[in-house]
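Encoded as C-alpha cells, the structure appears first; notes follow it.
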Amino acid sequence: MKILLIEDEPDLGAIIQTSLSHHQYVVDWAQDGQIGWEYLITNPTIYSLAIIDWMLPKVSGIEICRRLRAGKYTLPILMLTARDRMEDKITGLDAGADDYLVKPFGMEELLARLRALHRRAPTFQPEQLQVGQLRLDYGNNAVFIINSAGQEQSIGLTAKEFQLLEYLMQHPDWTLTHDQIRNRIWALDTESASNIVAAQIRLLRKKLAEFGCGDAIETVRGFGYRLNSINK
Ligand code: CA
C-alpha cells in the first residue's frame, strides 16, 4: 500500500522512507507542506495513510489536517511532532489527526502505529485476498497458489512483485491502466523507464507461470492489465 510522508527533516524523512519500503510499503515523500498538499489533491485516492510532520515549511501539518477534514477526506493521519505538551496533542487531534507520535521515536513504534491505524481505517483491510487460484495472506506477507486438489504452494515474490499482485488482486476482473499501476507501485519521484510497468508484469507472469498460472494476468491492449478471477 502507498503512504504519503510529509517531513522536512532530510535525515528523518530518508530513514522513514527506507524503513517503510522494507516493509512492503511504497512511500511518496514530500519535503514541505505545499508539495505534500499538492500530492494529496492530485492523487486523493492512491494513499492508504499519511504521516505528516507538525512543523513544516509553507503549509503546516495542522493546516493540512484541517484542509483534509474540511474536504471530508477520511485518509488516516499520523502526526509527527517534537512537541509533547498536552494542549498541542489536543490541537492536533482536534484538527483531524488520528494518532500522534512524539519525536524522537523508534521505527518499530512507527510501524506498530501504522498497522493499528490501518486496522481502524474505514477502508478495512482484510486478513487475506483470494482471486481464482491465488491467495494473498497479509499475516505472513505471502502469496500462495491453490491447486485443483486444494493444496497450497507459496510463491516467492520480490517486494515489487508482491505490491503489483496485491494491487491487481484488490481489483479482480478490473482493468488497471499503466498510469494507475505506476502511481500506486512506485514513488512519484522514481526515475523510471516508460516500460517499467510492462517489465514488472513480465517478471510477475514468469513467477506465476512456474505454477501454471502464467496467463492469470491479461493484457488489455492500449489500456493496461487485468487479473481474471476465472481462467479464460
Ligand atoms: Ca519539521
Side-chain angles (χ1 to χ4, degrees), residues 1-123 125 141 159-160 163 167 182-192:
M1 70 180 180
K2 199 164 203 187
I3 291 181
L4 176 63
L5 168 66
I6 313 178
E7 168 60 72
D8 60 312
E9 286 175 43
D11 293 347
L12 180 60
I15 291 169
I16 294 176
Q17 189 176 41
T18 307
S19 310
L20 296 187
S21 45
H22 288 152
H23 287 83
Q24 314 283 15
Y25 296 106
V26 181
V27 180
D28 282 342
W29 175 20
Q31 301 200 30
D32 72 44
Q34 182 59 35
I35 294 172
W37 177 246
E38 283 166 13
Y39 278 13
L40 279 168
I41 53 172
T42 315
N43 298 291
T45 59
I46 63 166
Y47 299 111
S48 304
L49 272 162
I51 303 170
I52 307 177
D53 187 28
W54 178 303
M55 301 290 282
L56 289 167
K58 297 183 183 170
V59 182
S60 76
I62 287 296
E63 175 60 22
I64 293 172
C65 276
R66 288 202 183 103
R67 288 185 191 176
L68 278 174
R69 296 316 185 214
K72 306 284 183 232
Y73 287 109
T74 55
L75 181 74
I77 298 170
L78 174 65
M79 289 291 296
L80 304 181
T81 182
R83 303 175 184 216
D84 56 358
R85 292 178 308 157
M86 187 50 81
E87 59 264 38
D88 292 335
K89 288 188 185 179
I90 292 166
T91 307
L93 296 170
D94 280 349
D98 297 282
D99 198 6
Y100 214 96
L101 198 49
V102 176
K103 297 176 186 177
F105 52 83
M107 285 304 133
E108 285 307 318
E109 180 170 14
L110 175 65
L111 287 163
R113 298 286 186 104
L114 293 180
R115 285 193 296 271
L117 265 183
H118 201 234
R119 274 199 300 275
R120 297 206 304 262
T123 46
Q125 177 168 318
N141 270 336
K160 276 281 169 273
Q163 289 156 2
Y167 190 35
R182 188 190 171 99
N183 288 341
R184 164 72 181 251
I185 309 298
W186 283 273
L188 289 176
D189 57 1
T190 306
E191 294 277 337
S192 56

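Ligands are counted one by one from 1 in listed order, and the atoms in each one are counted from 1 as well.
Annotation: M107, atom CE; neighbour count of heavy atoms from other residues, nucleotides and ligands within 6.0 Å is above 12. Within a 6.0 Å sphere centred on NZ of K103, other residues, nucleotides and ligands contribute more than 12 heavy atoms.
Protein N/O/S atoms closer than 3.0 Å to the Ca ion (ligand 1): D8 OD1, D53 OD2, M55 O.
Salt bridge absent: D94 and R69 never bring a charged side-chain N and a carboxylate O closer than 4.0 Å.
Between atom CD1 of residue I185 and atom OH of residue Y167 there is a gap of 7.5 Å, rounded to the nearest 0.5 Å.
With a 4.5 Å cut-off on side-chain heavy atoms, L40 and L75 count as touching.
No donor-acceptor pair closer than 3.5 Å links the side chain of E7 to the backbone N or O of G13.
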